[in-house]
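In what follows, every chain begins at residue 1, and chains take the letters A, B, ... in the order their sequences are listed.
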2 protein chains.
Amino acid sequence: MIEERVQEWLGRLQACGCRLTGPRYILVEILARADRALNPQELHAIASQRYPSLGLVSVYRTLERLESLHLIQRVHQPDKCQAYIAAFDGHQHLLLCSQCGRVRFFDGDELGGLVRRVEQESGYRVEDHWLQLFGLCDQCQALQGNEVVLYE
Amino acid sequence: MIEERVQEWLGRLQACGCRLTGPRYILVEILARADRALNPQELHAIASQRYPSLGLVSVYRTLERLESLHLIQRVHQPDKCQAYIAAFDGHQHLLLCSQCGRVRFFDGDELGGLVRRVEQESGYRVEDHWLQLFGLCDQCQALQGNEVVLYE
DNA sequence: GCTTATAATGAAAAAGATTTTCAATAGTAA
DNA sequence: TTACTATTGAAAATCTTTTTCATTATAAGC
């Protein structure tokens with residue numbers, strides 16, 4: 001499932017004339033597997049472990065490329081707004097653990113009524129919406145906030 | 001109404017030991033009146049017209065102070081995440097014009113059912129949520145995207 | 001009104017994040 | 001194997017934000 005995603009992303013990169021290089025393999029694999037949003041610095045730190053010569057610039061460039069292909073999406077959080085996670089299929093929303101950062105997707109189909117109400121009250125024509133929920137994931141609830149398990 | 005807000009903010013600043021200075025009067029007045037979110041640069045540019053010696057540093061410091069008093073709140077948008085607008089009363093959400101940036105508030109009471117569903121499906125304990133709608137305000141619909149009227 | 005303590009200011013420097021430039025490297029097609 | 005050129009990392013440049021610090025100015029006490 002995740003492995004397929006890695007292959008699909010690499011295929012999509014190649015399909016638009018991009019070359020498959022060492023840095024890209026590593027970065028695609030990390031991003032396709034990540035269960036939380038990573039910013040350029042975090043991504044660089046993780047990827048450097050397996051590819052020590054990796055430059056931060058290549059991380060920025062790869063993120064830009066993957067985002068323009070809609071393979072990853074930017075995630076806004078109170079403390080960081082330049083983090084990326086795999087883009088979801090269809091119209092989904094994010095549920096983020098405010099402790100460990102783990103991300104899950106959910107659909108928000110029941111939003112239509114609210115959108116129509118707001119359109120009528122405001123006179124705006126609504127074109128898009130952002131919905132994100134923040135909370136504690138099951139693991140962090142169990143830990144009762146004693147420790148945080150980050151990427152490893 | 002807006003004038004009251006200016007007075008209230010100044011009072012709140014004074015109440016916590018802050019001094020009322022030229023830069024603060026200007027910045028409070030602009031922020032309390034603004035109908036769209038402003039980032040430090042925009043705010044500095046606008047305020048400088050009335051207070052030419054104003055330093056950008058004071059803008060940062062005042063924003064920080066006002067945010068810590070919950071008088072303003074940060075607004076996340078696709079292109080800018082460091083913009084601020086007056087904080088609303090109670091639990092409200094934002095409706096932003098994707099053309100001119102004008103902001104309106106609305107309540108999203110009908111969100112409770114969705115939150116409970118997601119909690120059950122995910123096992124997360126939801127603590128907070130962000131909901132923002134993007135669209136065209138009535139004025140920008142009328143202009144049909146011919147021109148953008150920014151702050152003036 | 002005058003004095004005084006100190007919060008607030010702006011300039012400059014420092015720190016961080018992101019983008020640009022450029023010569024060297026390395027995919028990929030022929 | 002060769003040739004083309006996309007990609008790379010280092011360094012420089014650009015922006016944004018924070019820190020430092022001497023100076024200024026608010027507000028309280030007299």
Problem - Residues clustering with B:M1 (ILVMFWY side chains joined when closer than 4.5 Å, directly or via others) - result: none
Which pairs of donor and acceptor atoms, one on a side chain in residues 116-129 of chain B, lie under 3.5 Å apart (sequence neighbours left out)?
unit_1	atom_1	unit_2	atom_2	d
B:R117	NE	A:E110	OE2	3.2
B:R117	NH1	B:E121	OE1	3.4
B:R117	NH1	B:E121	OE2	3.3
B:R117	NH2	A:D107	O	2.6
B:R117	NH2	A:E110	OE1	3.0
B:E119	OE2	B:V126	N	2.8
B:S122	OG	B:V118	O	2.7
B:S122	OG	B:Y124	N	3.0
B:Y124	OH	A:R102	O	3.3
B:E127	OE1	A:S98	OG	3.4
B:H129	NE2	B:H91	NE2	3.1

Fill in the blank from the handout: Contact check, residues 4-23 of chain B vs DNA chain D, heavy-atom distance under 4.0 Å, returns B:Q14, B:R19, B:L20
Handout entry: Range on DNA chain C touched by chain A - first to last nucleotide, heavy-atom distance under 4.0 Å
Key = C:dA17 to C:dT28
Handout entry: Single hit among B:I46, B:L71, B:L43 for side chain to side chain contact (heavy atoms under 4.5 Å, CB included) with B:L31
Key = B:L43
Handout entry: Sequence neighbours excluded, every pair satisfying salt bridge (Lys or Arg N to Asp or Glu O under 4.0 Å) that has a member inside residues 63-86 of chain A
Key = A:E42-A:K80
Problem - Residues clustering with B:V103 (ILVMFWY side chains joined when closer than 4.5 Å, directly or via others) - result: A:W130, B:V75, B:I85, B:F88, B:L94, B:L96, B:F105, B:F134
Completion exercise
Sequence neighbours excluded, the answer for salt bridge (Lys or Arg N to Asp or Glu O under 4.0 Å) partners of A:R12 is A:E8
Completion exercise
Sequence neighbours excluded, the answer for salt bridge (Lys or Arg N to Asp or Glu O under 4.0 Å) partners of B:E4 is none
Exercise for the section: May I have all residue pairs that pass ring-ring contact (aromatic ring centres under 6.0 Å, His included) and include part of residues 19-59 of chain B, sequence neighbours excluded? Expected result: none
Exercise for the section: List the protein contact pattern of nucleotides 11-22 of chain D with one symbol per nucleotide (5' to 3'): B for base contact, S for sugar-phosphate-only contact, - for none; contact means a heavy-atom distance under 4.0 Å. Expected result: B----SSBBB--
Practice task
Kindly write out the residues that satisfy side-chain contact (heavy atoms from CB on, under 4.5 Å) with B:Q14, not counting sequence neighbours, or none if the list is empty.
Solution key: B:L20
Problem - By salt bridge (Lys or Arg N to Asp or Glu O under 4.0 Å) - contacts of A:R19 (at least two apart) - result: none
